[in-house]
Amino acid sequence: MKQLIEDIAKALVDIPEEVVVKEVLGEQVTVLELRVAASDLGKVIGKQGRTARSIRTILGAAGMKLNRRFTLEILE
Amino acid sequence: MTDRKYSVASIGSRIDGFLRLTLQNAGFKASYEIQDVASSGDEFETPDVVVKFAGPDVDLILANRAELLLALEHVTMEMLDMPSEDHSRISFDANDYRLLRIEELRLSALTAAEKVKRTGAPFRFNPMNSRERRVIHLALRGDTAVRSESAGSGPQRQVVVYPAGMASLPELPYAPAPRHSGPPRGDRGGPPRGGRDRDRGGRDRGGRPPRPRP
């Protein structure tokens, strides 16, 4: 899942070298923390948060196949 | 409608590269074809390029009103850096979902118009994205007895149908999660007050008449 978020984020941003994803494993849920360059924040969030919402939908569906909940945190 | 702006030749390989990686990373079992669309003259939806999915995970892709399909489509278009006014030029599809959805929206537009004429009260649809709202507006364009407009912002933006001469209702205050509490309001697609008839079989939830298939 880390790879999924990393590859999507890299495809969206202007500075892919600054994309970092950290996976934090909890008991019930895995949190994926995404960091991008400050200037790229808008690219991963999108207008009205639509891009972030779409990425979360993809992540949620992928997690469903693994019977595990994943959440995406976009960090500034 | 307008001239072709995108084609498989211009964007096909970028879409393919992105989708292949994304589906593989996500573990979605689906194949897809990227095709140019001959202009059809259909004003409701004339994309330049269509991406059609097939395979075992199509049900997952179409679940929840094609939530995943639309998410993949949106992220793909952002990846391509397409301006939002071009977003109807690429269409992701599976099992003719888009065509059926347009038909469904047109029918609910006509049903809503009938209801507005009968009751004289405005009808508020469930929130929809811009492409779906457009279908509703187009379907009602020829009906001089009603008028339609979009109200609200962001993911809550919704079409409201009024009797032709009626002034617009004040905008609802933006409330991200009002669905679980309080008295019923417009977000179920019923008219804002009164006139909600339950005797017609169809439940008139905005934009969602009974569908013949899953």
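We use all heavy atoms of the structure for the numbers below, so side chains are in, but hydrogens, waters and symmetry mates are not.
Residue contact with chain B, scored on non-hydrogen atoms closer than 4.5 Å, is absent for A:K2. Using a 4.5 Å cut-off between heavy atoms, B:L60 contacts chain A through its side chain alone, with no backbone atom that close. For B:N64, no part lies near chain A; criterion is any non-hydrogen pair under 4.5 Å.
For residues 19-31 of chain A, an interface with chain B (any heavy-atom pair closer than 4.5 Å) does not exist. Of all residues in residues 51-71 of chain A, those placing a non-hydrogen atom less than 4.5 angstrom from a non-hydrogen atom of chain B are A:T51, A:R53, A:S54, A:I55, A:T57, A:I58, A:A61, A:A62, A:M64, A:K65.
Contact annotation: the side chain of B:S84 approaches that of A:K47 to within less than 4.5 Å [non-hydrogen atoms, C-beta and beyond]. Taking 4.5 Å as the limit, some side-chain heavy atom of B:T22 sits within range of a side-chain heavy atom of A:L4. Between A:R50 and B:H74 the shortest side-chain heavy-atom distance falls below 4.5 Å.
Around CD of B:E33, the count of heavy atoms belonging to other residues, nucleotides or ligands within 6.0 Å does not exceed 12. In this structure, B:K5 places its NZ atom where more than 12 heavy-atom neighbours from other residues, nucleotides or ligands lie under 6.0 Å away.
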Review point. Checking side-chain contact (heavy atoms from CB on, under 4.5 Å) for the pair B:L21/A:Q3: CA distance, chi angles, key distance, verdict?
Key: CA-CA 10 Å; B:L21 195 58; A:Q3 197 64 47; over 6 Å; no
Practice item. Walk me through it: do A:I8 and B:V75 pass the test side-chain contact (heavy atoms from CB on, under 4.5 Å)? Key: CA-CA 8 Å; A:I8 290 176; B:V75 173; 3.7 Å; yes
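Rounded to the nearest 0.5 angstrom, B:Q24 CD and A:D7 CG are separated by 9.0 Å.
Of all the heavy atoms in B:M79 and A:L12, the pair that sits closest is N-CD2, 3.5 Å.
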